[in-house]
Trainee: 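One structure coming up, written as structure tokens, with questions to follow.
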Amino acid sequence: MPFATTLAVNDQRLAAIAQQDARKDRAFAWLTGLAAWSVFFTLLATIGTMFWGGREAFSTFGFGFITSSTWDPVNLQFGAFVPIYGTLVTSVIALVIAVPISFGIAVFLTELAPSWMRRPVGTAIELLAGIPSIVYGMWGLFVLVPFLGEHVFPWVDANLGQLWLIGPVFRGPPLGVGMGTAGLVLAIMVIPFIASVLREVFLSVPSQLKESAYALGSTTTEVVWHIVLPYTRSASIGAIFLGLGRALGETMAVTFVLGNSFNFSPSLLDPGTSITATIANEFAEASISPLYESSLIALAFVLFMVVLAVLIPAKLMLRQLAKRAGT
Amino acid sequence: MSANSGQVAQSDSARQISKADFAERRYRKRKIINGVMLTLSAAAALFGLFWLGWILWTTLGKGAAAMSLSLFTEMTPPPGVESGGLANAIFGSMLICALGTAMGAPIGVAAGVYLAEYANHTKRGEAIRFINDILLSAPSIVLGLFVYGLLVKPFGGYSAIAGSVALALIIIPVVVRTTDEMLKLVPTQMREAALSLGIPLWKMNIQILARAAWPGILTGILLGVARISGETAPLLFTALGNQYWSTDLTAPMANLPKVINDFAMSPFEYWNSLAWAGAFLITLFVLALSLIARTLSAPKKADL
């Protein structure tokens with residue numbers, strides 16, 4: 001009898017432990033799930049907060065908030081055309097410069113460089129991608145602005161500025177600050193970023209494909225053009241879009257070198273402003289008027305929408321490659 | 001007849017020569033194109049690295065010139081004063097970053113565990129993963145404004161804790177991503193072995209999987225810390241800055257990025273040199289942290 005009792009007691013104890021474990025299991029799953037969904041809700045809440053904060057500006061100015069170029073904090077008239085234009089133009093300049101160079105770096109690192117060089121240089125590029133943007137901004141302000149103002153912009157103004165049709169884009173005072181400078185700093189900042197993503201993308205091409213093409217007598221250029229690029233097409237575009245998203249939302253690298261001017265000018269040599277620079281520069285003063293603050297938050301909402309419109313296709317295209325690679 | 005066939009033979013060989021010539025020319029053309037393209041690619045790489053090298057050179061040179069012991073012992077100076085350091089800003093930055101990491105890393109690890117162990121190959125898992133990827137690349141200035149609307153405005157003022165929350169929001173996606181990826185690398189057999197011994201899921205996650213994936217997870221956290229330690233934009237709307245030493249989490253607190261931002265834009269040369277010193281410190285810290293993270297485990301990118 002004592003033996004059976006022990007068994008029964010044991011059974012009871014085991015059942016209690018199992019029950020406890022089941023409870024802990026549920027709690028653990030619930031806690032981790034909560035953390036995961038909090039990520040989801042952070043994004044929704046951010047969009048919601050930006051929209052709610054900007055509602056006063058949207059309802060006051062309506063569609064004119066985006067199309068009007070009057071930004072007048074004194075009379076509380078806010079039209080965001082100039083900052084929006086500045087954000088788009090600087091980002092486009094950045095991409096025009098950065099995409100071919102990042103492409104060159106990625107090809108160099110995956111196809112050209114001797115193998116002892118690939119890893120260290122690849123790591124260096126990734127490290128550079130992690131340097132805080134304020135360092136790029138400071139370098140732009142203290143090194144690039146004086147250099148461009150003294151040596152490059154006067155030449156651009158004198159030569160390109162006189163050309164028919166495109167002249168106005170290159171005409172202006174040689175201040176050194178301006179849209180062109182901001183675009184250049186942004187380009188330098190996104191180069192390591194795009195290059196390291198592109199490198200990763202290029203590395204995912206199965207070596208059998210490349211080796212077959214080489215065996216048939218293809219040159220390196222032909223392998224890149226006919227094998228690597230078609231295989232990674234959507235992911236490469238995704239990498240570029242990712243860089244664009246980064247350039248659009250970048251704050252510190254452009255704030256220093258844009259010149260903070262709300263006068264619209266087509267010239268790349270004239271000072272301008274961007275969405276992020278406007279918010280960073282004026283937010284401290286904006287608390288004087290709810291409409292002012294609301295306008296700045298509305299700007300952030302516009303920026304976020306644009307960035308989302310760029311990021312979502314970018315991530316989808318990068319994801320396609322990951323699926324094909326079977327990871 | 002014979003003359004005719006001779007002619008044919010002649011034209012045949014001529015054709016052969018022209019064919020060989022054609023192939024040769026085509027081959028040469030391909031080689032030239034290849035040479036030009038490869039030179040361009042190498043030149044592009046060199047051009048890109050040149051700018052980056054220039055930036056590093058300037059930062060290290062100007063920063064090293066501004067290094068001194070007083071940086072770490074004295075407070076940020078008021079306008080016009082030709083002495084002072086960054087002690088309060090360095091302390092504030094470290095505190096805000098540490099708090100942000102302490103808040104963000106556990107949430108990130110938990111969310112990563114959920115994605116890899118509970119929601120892998122499910123629709124909701126994919127959705128959260130996608131949202132996390134978006135958040136990873138979201139502009140930090142927008143997240144800063146979000147925290148401003150969440151914590152600063154309703155509670156009546158800028159505070160160090162709001163800055164930490166903003167940084168936590170930035171570090172979370174990085175940690176989620178790496179934890180998720182690292183757990184996926186743990187062999188399935190390990191899970192099966194654990195479960196077949198009757199180990200409950202939660203214990204398996206904490207005592208077996210987390211231990212196996214630990215170096216990778218730590219790498220993710222370190223890369224996240226490297227990322228938030230230089231973030232400037234979100235701190236402008238949350239922690240703001242403080243000229244003095246402050247340990248009050250509910251009040252504005254000095255921090256390096258904000259000090260760099262203010263001092264770099266100022267007309268005072270001494271302030272500028274302090275800004276360079278700050279940029280130097282942050283750059284060094286970020287580079288060192290990234291290198292440590294890389295040696296800790298196989299490099300795994302967190303921002304693809």
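Given the structure is predicted, the values throughout are model-derived calculations rather than measurements.
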Trainee: Where on A:Ile275 is there a heavy atom nearer than 4.5 Å to chain B: the side chain, the backbone, both, or neither?
Mentor: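 Nothing of A:Ile275, per the 4.5 Å heavy-atom cut-off to chain B.
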
Trainee: Under 4.5 Å from any heavy atom of chain B, what part of A:Leu112 do you find: side chain, backbone, both or neither?
Mentor: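 The side chain, not the backbone.
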
Trainee: If you count heavy-atom pairs within less than 4.5 Å of chain A, which of B:Ser41, B:Gly278, B:Gly108 leads?
Mentor: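 The option with the most such pairs is B:Ser41.
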
Trainee: Angle class for the B:Trp54/A:Trp139 ring planes (parallel below 30°, perpendicular above 60°, tilted otherwise)?
Mentor: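 Perpendicular.
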
Trainee: Could you name the residues of residues 45-53 of chain B that have a heavy atom within less than 4.5 Å of a heavy atom in chain A?
Mentor: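 Answer by number: B:Ala45, B:Phe47, B:Gly48, B:Leu49, B:Trp51, B:Leu52.
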
Trainee: Atom CD1 of B:Ile33 and atom CH2 of A:Trp225: how far apart are they, to the nearest 0.5 Å?
Mentor: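 Interatomic distance, B:Ile33 CD1 to A:Trp225 CH2, rounded to 0.5 Å: 11.0 Å.
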
Trainee: Where does A:Leu128 contact chain B at under 4.5 Å (heavy atoms): side chain, backbone, both or neither?
Mentor: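 The side chain, not the backbone.
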
Trainee: Is it the backbone or the side chain of B:Leu56 that comes under 4.5 Å from a heavy atom of chain A, or both, or neither?
Mentor: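 The side chain, not the backbone.
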
Trainee: Check whether any side-chain heavy atom of B:Leu145 lies under 4.5 Å from a side-chain heavy atom of A:Phe283, and answer yes or no.
Mentor: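 The answer is yes, as the side chains (C-beta and beyond) meet within the 4.5 Å cut-off.
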
Trainee: Which atoms of A:Thr123 come close to chain B, meaning under 4.5 Å heavy atom to heavy atom: side chain ones, backbone ones, both, or neither?
Mentor: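 Looking at A:Thr123, just its side chain touches chain B.
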
Trainee: Donor-acceptor check, side chain of B:Asn34 to backbone of A:Thr219, threshold 3.5 angstrom: yes or no?
Mentor: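 Side chain of B:Asn34 to backbone of A:Thr219, a donor-acceptor pair under 3.5 Å: no, none is there.
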
Trainee: Would you check if A:Met138 and B:Met265 make a side-chain contact, meaning some heavy-atom pair closer than 4.5 Å?
Mentor: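 Sidechains of B:Met265 and A:Met138: no contact.
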
Trainee: Is there side-chain contact between B:Ile172 and A:Thr42, with heavy atoms separated by less than 4.5 Å?
Mentor: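 Of all side-chain heavy-atom pairs linking A:Thr42 with B:Ile172, none is under 4.5 Å.
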
Trainee: A side-chain contact here means heavy atoms from C-beta on lying under 4.5 Å apart; do A:Leu303 and B:Ile141 qualify?
Mentor: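 With C-beta onward as the side chain, the pair touches.
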
Trainee: Do B:Asn205 and A:Phe28 have side chains that approach each other closer than 4.5 Å (heavy atoms only, starting at C-beta)?
Mentor: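 Side-chain contact under 4.5 Å: yes.
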
Trainee: For A:Thr32 and B:Tyr114, indicate whether the former's side chain and the latter's backbone hold a donor-acceptor pair under 3.5 Å.
Mentor: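 Not at all, since once roles are kept as given, no pair shorter than 3.5 Å links the two residues.
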
Trainee: How long is the span from the OH atom in B:Tyr148 to the CD atom in A:Glu293, to the nearest 0.5 Å?
Mentor: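 Rounded to the nearest 0.5 Å, the OH-CD separation comes out at 3.5 Å.
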
Trainee: Side chain, backbone, both or neither: which part of A:Ala187 has an atom under 4.5 Å from a heavy atom of chain B?
Mentor: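 Contact with chain B involves no heavy atom of A:Ala187 at all.
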
Trainee: Between A:Asp21 and B:Pro200, is there a donor-acceptor pair closer than 3.5 Å when you use the side chain of the first and the backbone of the second?
Mentor: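 No: the side chain of A:Asp21 does not pair with the backbone of B:Pro200.
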
Trainee: Measure A:Thr220 against the heavy atoms of chain B and call it side chain, backbone, both or neither at under 4.5 Å.
Mentor: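 Backbone plus side chain of A:Thr220, per the 4.5 Å heavy-atom cut-off to chain B.
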
Trainee: Can you tell me which portion of A:Met50 sits under 4.5 Å from chain B's heavy atoms? Options are side chain, backbone, both or neither.
Mentor: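 Just the side chain, heavy atoms under 4.5 Å.
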
Trainee: Is the shortest heavy-atom distance from the side chain of B:Asn261 to the side chain of A:Phe256 under 4.5 Å?
Mentor: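 Side-chain contact under 4.5 Å: yes.
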
Trainee: Who wins among A:Tyr136, A:Trp52, A:Phe304 for the most heavy-atom pairs under 4.5 Å with chain B?
Mentor: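 Heavy-atom pairs under 4.5 Å are most numerous for A:Phe304.
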
Trainee: When you measure from the side chain of A:Lys315 to the backbone N and O of B:Asp133, does any donor-acceptor pair fall under 3.5 Å?
Mentor: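 A pair under 3.5 Å: yes.
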
Trainee: Flag the pair B:Thr58 / A:Phe142 as yes when at least one side-chain heavy-atom distance between them is below 4.5 Å, and no otherwise.
Mentor: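 A side-chain contact under 4.5 Å is absent here.
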
Trainee: Non-hydrogen atoms of chain B under 4.5 Å away: do they reach the side chain of A:Leu127, the backbone, both or neither?
Mentor: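 It is both, since atoms from each part get that close.
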
Trainee: Can you tell me which portion of A:Val39 sits under 4.5 Å from chain B's heavy atoms? Options are side chain, backbone, both or neither.
Mentor: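 When you check distances to chain B, atoms from both the backbone and side chain of A:Val39 fall under 4.5 Å.
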
Trainee: Got B:Arg124 and A:Phe40 here, is their nearest side-chain heavy-atom distance under 4.5 Å?
Mentor: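 B:Arg124 vs A:Phe40: side chains apart.
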
Trainee: Please state whether the side chain, the backbone, both or neither of A:Leu316 comes within less than 4.5 Å of a heavy atom of chain B.
Mentor: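 Contact with chain B involves both backbone and side-chain atoms of A:Leu316.
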
